[in-house]
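Contents: one structure, followed by commentary.
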Amino acid sequence: MKYSLLTLITVLGLFFSLPAMALDLQEARNSGLVGESRTGYVEAVVNRPDVQALVSEVNAKRKIEYARISRENGQSADVVAKLAAEQIVNRLSPGAYYKDAGGSWKQR
């Protein structure tokens, strides 16, 4: 489990350090355009084509990474994604949106 957590933290660091994507994702978060769900994926808070494109791109990359971690650790990708979601939500900047357990948008 310690290996899984270390791998997860490393992956999250990669998500936040991707130069072009992180900047776009961070700007979208800061603008309230996207938020983090409890499933480990981002969702559009505002329905616009550019926001939907960003959400699709970020989620496609996350899905690949969750699958890789899943194979390495013998856990399902859903479990990996939910563990990642907890870490991501806990590290959101003030004002960023996330979905609570009931599925409602909340701000940090």
Name the residue from V55, V51, V42 that meets the side-chain contact (heavy atoms from CB on, under 4.5 Å) definition with L33. V51
Treating S76 as the side-chain partner and V79 as the backbone partner, does any N or O pair qualify as donor plus acceptor under 3.5 Å? yes
Side chain to side chain, N73 and V80, heavy atoms closer than 4.5 Å: no
A77 and S70: which non-hydrogen atoms are nearest, and at how many Å? N-OG, 3.3 Å
Taken to the nearest 0.5 Å, the spacing of R29 CZ from L54 CG works out to 9.5 Å
Can you tell me which residue pairs pass the salt bridge (charged side-chain N to carboxylate O under 4.0 Å, His left out) test with a partner in residues 45-54, sequence neighbours excluded? R48-D50
I64-I69 co-clustered via ILVMFWY side chain contacts under 4.5 Å: no
Going by the rule side-chain hydrogen bond (donor to acceptor under 3.5 Å, both in side chains), which residues pair with S37 if we only count those two or more places apart in sequence or in a different chain? T39
Under a 4.5 Å cut-off applied to non-hydrogen side-chain atoms, are I88 and R62 in contact? yes
Selection residues 31-55 - residue pairs positive for ring pair (Phe, Tyr, Trp, His ring centres under 6.0 Å), sequence neighbours left out: Y41-Y66
Checking Q52 now: which residues fulfil side-chain hydrogen bond (donor to acceptor under 3.5 Å, both in side chains) with it, not counting sequence neighbours? N47
Not counting sequence neighbours, list each pair that qualifies as a salt bridge (charged side-chain N to carboxylate O under 4.0 Å, His left out) and has a residue in residues 94-108. E43-K99, D100-K106
Test: ring pair (Phe, Tyr, Trp, His ring centres under 6.0 Å). Region: residues 68-98. Which pairs qualify, not counting sequence neighbours? none
With salt bridge (charged side-chain N to carboxylate O under 4.0 Å, His left out) as the rule and sequence neighbours excluded, what pairs involving residues 77-87 come up? none
Would you call E65 and R68 a salt bridge, taking side-chain N to carboxylate O under 4.0 Å as the test? yes
Any side-chain heavy atom of Q107 within less than 4.5 Å of one from P94? no
Identify whether the distance between the nearest side-chain nitrogen and carboxylate oxygen of E57 and K61 falls below 4.0 Å. yes
